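This is a predicted model, so every value here is computed, not measured.
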Amino acid sequence: MKRREFIKSGLAAGAAVGLAPTLMSWIPSHNWEGYNFGGGPEVKDRLYQGPFSQYEPEAFYGGGVIQYTTPGKQLLNCFGMGMTSYIAGDLGAPHVPGETLEQTIDKLFAFPLATKVYIRPVWRHIQKKAGKLDFDDYWKITMEKAEKYNKRVGFRIMVQDPDIVKDALPDFVLKKVPMHKLTQGSWEGDPTNEVRYQKKYHLIPQYDDPTFLGYFEEMQAMLAEKYNGSPLIEYMDTNMFGFWGEGHAWPFTDVPFSSKATGEETFLKIYDMQNRYWNRVPLLTNTQPDFNQIGNSSVVDKTIRDGNWLRTDTIFIENEQIEALSNRPAWTAAAVECGLTDGREETMGRDNAGIPYNEAIISHVKDVGANYFSLWNWHHINADNLHRYYEKYPDGLNNMASTIGFRVRPSWIWSNESNGRSNLVFGMVNDGVASVPGVLRLTLFNDEGTVNVGGCLDAGFPKTRGVRQAMITLPEGVDWRTTELKLKAELEVKGVRYPVPFAIAQKLNPDGSLTIRRNR
């Protein structure tokens with residue numbers, strides 16, 4: 001990598017920061033339902049989606065039902081959704097007494113409901129020297145296991161982490177970047193229990209410093225060169241300002257900027273930088289409210305408009321985060337992170353109805369229509385903790401696994417003819433709790449390769465309620481009754497297509513497609 005070019009671009013960028021005297025891009029609070037975020041991802045090869053009236057004088061492609069499907073409860077390993085086993089949270093590599101690091105990570109991968117994994121290293125865990133990535137062992141093992149288990153990885157690189165003793169930044173960055181001491185605020189908690197309470201003070205980098213911006217861009221460029229579009233990667237959390245990279249320095253109100261406008265401009269610059277390099281991987285931005293008043297609302301708004309996704313770091317949270325998650329545009333995925341208790345009675349926690357705290361978490365995650373949910377025991381990452389709870393209370397997690405995200409199927413299939421050609425109309429239904437996070441493509445094909453036709457539904461369809469009808473016209477001379485045709489689905493996100501198996505009780509082909517065959 002040409003590090004000097006990145007440092008130089010950072011210098012130029014830093015010189016431009018701080019020109020605006022007030023917040024220029026602040027987005028006032030608003031209800032999300034009906035808010036104009038634009039039309040969503042581009043829909044290519046749009047299929048005809050109605051009307052399908054049956055009789056004159058408006059006979060528009062109505063037909064007779066030839067096939068139906070019913071919902072299936074199978075676990076889906078599908079891009080854009082999934083229960084997510086945490087390999088590393090805020091403390092770096094997981095440590096379980098009596099196990100090697102590889103054994104611990106392997107057991108987390110093997111948890112039966114997990115179809116994705118998540119890892120959250122600090123910057124120094126992936127880079128030690130300028131110009132070269134150097135990953136700690138737990139990152140390397142995670143990527144090896146991801147390939148072995150066919151489970152994609154979501155990740156974030158933290159620039160500041162109050163839960164570890166050493167600074168999150170690599171030493172070569174610390175030597176050249178000014179650090180700001182936070183003084184206006186304090187952690188409340190047991191000073192003997194957590195590192196964050198024991199620290200006498202917290203330092204965060206001068207984010208608008210040209211050298212910092214240059215090193216940060218170099219790191220993003222090297223990571224993207226290796227992982228942008230990689231089959232191992234599901235998504236990347238945006239690496240933002242503040243604690244854990246989540247866009248805030250709560251509970252501290254002071255920030256390392258000469259003005260809030262400078263902070264906002266820097267915040268947007270850091271987001272835009274990541275969005276530019278990660279053009280084939282969804283970015284997830286925290287819905288954290290603008291506690292430090294430096295641009296969270298602007299970054300969240302841009303996240304939606306750029307076709308990226310949202311996340312939150314707990315489910316029992318402020319009104320505005322619940323509003324954003326539950327009323328987000330249909331094409332936007334949402335990940336919910338919330339630590340589960342470990343299944344021991346003394347840590348279980350129950351409400352006045354005797355319901356375990358974990359069950360309350362699960363039900364509320366479904367309430368906001370999440371695509372991803374964390375299988376995570378906070379700072380005690382250990383597959384045994386997950387198993388202990390699951391063995392006692394399997395129903396909640398099983399139900400979550402069979403409803404999370406989007407679960408699409410052609411509930412009705414109609415046949416009709418027009419202009420001497422056969423048409424098939426698919427009544428697409430979604431039995432999940434989330435709409436389709438992108439654009440769903442349907443394709444009719446045969447094994448001989450003589451038929452391959454299809455197109456796309458509108459972005460976000462089918463939603464979690466209702467039926468989206470879409471028609472595919474067969475090539476001239478092809479009839480579904482005499483030619484064995486198959487239907488497959490794919491999800492298009494940021495220009496990349498991913499296979500989507502239908503969530504049906506009827507038999508599918510080994511490739512996840514459905515054979516068109518009269519069953520009514």
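- Looking at N509, its side chain never comes within 3.5 Å of a backbone N or O of D511 through a donor-acceptor pair.
- Under a cut-off of 6.0 angstrom, the local environment of NZ in K226 is sparse, with at most 12 non-hydrogen atoms contributed by other residues, nucleotides or ligands.
- Aromatic pair W331/W309: centroids not less than 6.0 angstrom apart.
- Two residues are said to be in side-chain contact when any heavy atoms from C-beta on lie closer than 4.5 Å; N239 and Q220 meet this criterion.
- The closest donor-acceptor contact from the side chain of D161 to the backbone of A168 lies at 3.5 Å or more, if one exists at all.
- Using modelled atom types, no side-chain atom of E490 and backbone atom of V496 make a donor-acceptor pair closer than 3.5 Å.
- The salt bridge (charged side-chain N to carboxylate O under 4.0 Å, His left out) test with D431 is passed by exactly one of R409, K73, R407: R409.
- Considering only heavy atoms from C-beta on, V336 stays 4.5 Å or farther from H364 through its side chain.
- Using a cut-off of 4.0 Å between Lys/Arg side-chain N and Asp/Glu carboxylate O, E102 and K140 are scored as not salt-bridged.
- Taking CG of D137 as the reference point, atom OG1 of T100 lies at 11.0 Å (rounded to 0.5 Å).
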For residues 462-469, which side-chain donor-acceptor pairs fall under 3.5 Å, sequence neighbours excluded?
from : atom 1 : to   : atom 2 : distance (Å)
R468 : NE     : Q49  : OE1    : 2.8
R468 : NH2    : Q49  : OE1    : 3.2
R468 : NH2    : D458 : OD2    : 2.4

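- Dense packing is recorded around CH2 of W278, with more than 12 heavy atoms of other residues, nucleotides or ligands lying under 6.0 Å away.
- Aromatic rings from F155 and W139 are positioned such that their centres are separated by under 6.0 Å.
- Salt-bridge check for E217 with R276: passed, with a basic side-chain N closer than 4.0 Å to an acidic carboxylate O.
- Note: W244 and H248 have tilted aromatic rings, judged against thresholds of 30 and 60 degrees for the angle between ring planes.
- Defined by atom type and a distance below 3.5 Å, a donor-acceptor pair is present between the side-chain atoms of Y390 and N398.
- When side chains are defined from C-beta on, F212 counts as touching V159, because their heavy atoms get closer than 4.5 Å.
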request  = Mind running side chain to side chain donor-acceptor pair (under 3.5 Å) on S29 and E320 for me, showing each step along the way?
outcome  = CA-CA 8 Å; S29 295; E320 58 188 291; 4.5 Å; no
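- For the pairing with Y86, the ring pair (Phe, Tyr, Trp, His ring centres under 6.0 Å) check across F109, Y372, Y118, F373 returns one residue only, Y118.
- Although no hydrogens or angles enter the test, the distance criterion places no donor-acceptor pair under 3.5 Å between the side chain of D306 and the main chain of N275.
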key: side chain to side chain donor-acceptor pair (under 3.5 Å) assessment of Y271 paired with N308   = CA-CA 11 Å; Y271 165 80; N308 291 311; 3.1 Å; yes
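- Residue L340 holds its CG atom at 11.0 Å from OG1 of T347, rounded to the nearest 0.5 Å.
- Each of E337, Q321, E246 was checked for a side-chain hydrogen bond (donor to acceptor under 3.5 Å, both in side chains) with T312, and the lone residue meeting it is Q321.
- In this structure a side-chain-to-backbone donor-acceptor pair under 3.5 Å is present from E218 to G131.
- The shortest distance between side-chain heavy atoms of R152 and Y498 falls below 4.5 Å.
- The distance from the CE atom of M83 to the CG atom of L75 is 8.5 Å, given to the nearest 0.5 Å.
- By the 4.0 Å N-to-carboxylate-O rule, E234 lies too far from K151 to be salt-bridged with it.
- Once rounded to the nearest 0.5 Å, the distance linking CG of N358 with CG of L397 reads 7.5 Å.
- With hydrogens and angles ignored, the 3.5 Å screen pairs a side-chain donor or acceptor of S230 with a backbone N or O of L232.
- Between Y227 and F135, the ring planes are perpendicular. Angles over 60° get that label, and only those under 30° would be called parallel.
- Here Y393 and Y389 bring their ring centres to under 6.0 angstrom of each other.
- K392 NZ to M348 CE: the interatomic distance, rounded to the nearest 0.5 Å, is 4.5 Å.
- Between D384 and K107, at least one side-chain N (NZ, or NE/NH1/NH2) sits under 4.0 Å from a carboxylate O, which counts as a salt bridge.
- In this structure the side chain of L487 reaches within 4.5 angstrom of the side chain of F502, judged on heavy atoms.
- Within 6.0 Å of the NE2 atom in H387, the count of heavy atoms belonging to other residues, nucleotides or ligands exceeds 12.
- Between D237 and R311 there is a salt bridge, with a side-chain nitrogen of the basic residue lying less than 4.0 Å from a carboxylate oxygen of the acidic one.
- No donor-acceptor distance shorter than 3.5 angstrom exists from the side chain of N31 to the backbone of E33, with no hydrogens or angles considered.
- Two residues are said to be in side-chain contact when any heavy atoms from C-beta on lie closer than 4.5 Å; I119 and V117 fail this criterion.
- Salt-bridge check for R196 with E194: failed, with every basic side-chain N at 4.0 Å or more from each acidic carboxylate O.
- For an aromatic pair to be called close, the ring centres must be under 6.0 Å apart, and W123 with H125 fails this.
- The pair D447-K486 meets the salt-bridge criterion, since a charged nitrogen lies less than 4.0 angstrom from a carboxylate oxygen.
- No donor-acceptor pair under 3.5 Å is formed between the side chain of D136 and the backbone N or O of Y138.
- For the residue pair Q506/T69, the side-chain donor-acceptor check at 3.5 Å is not satisfied.
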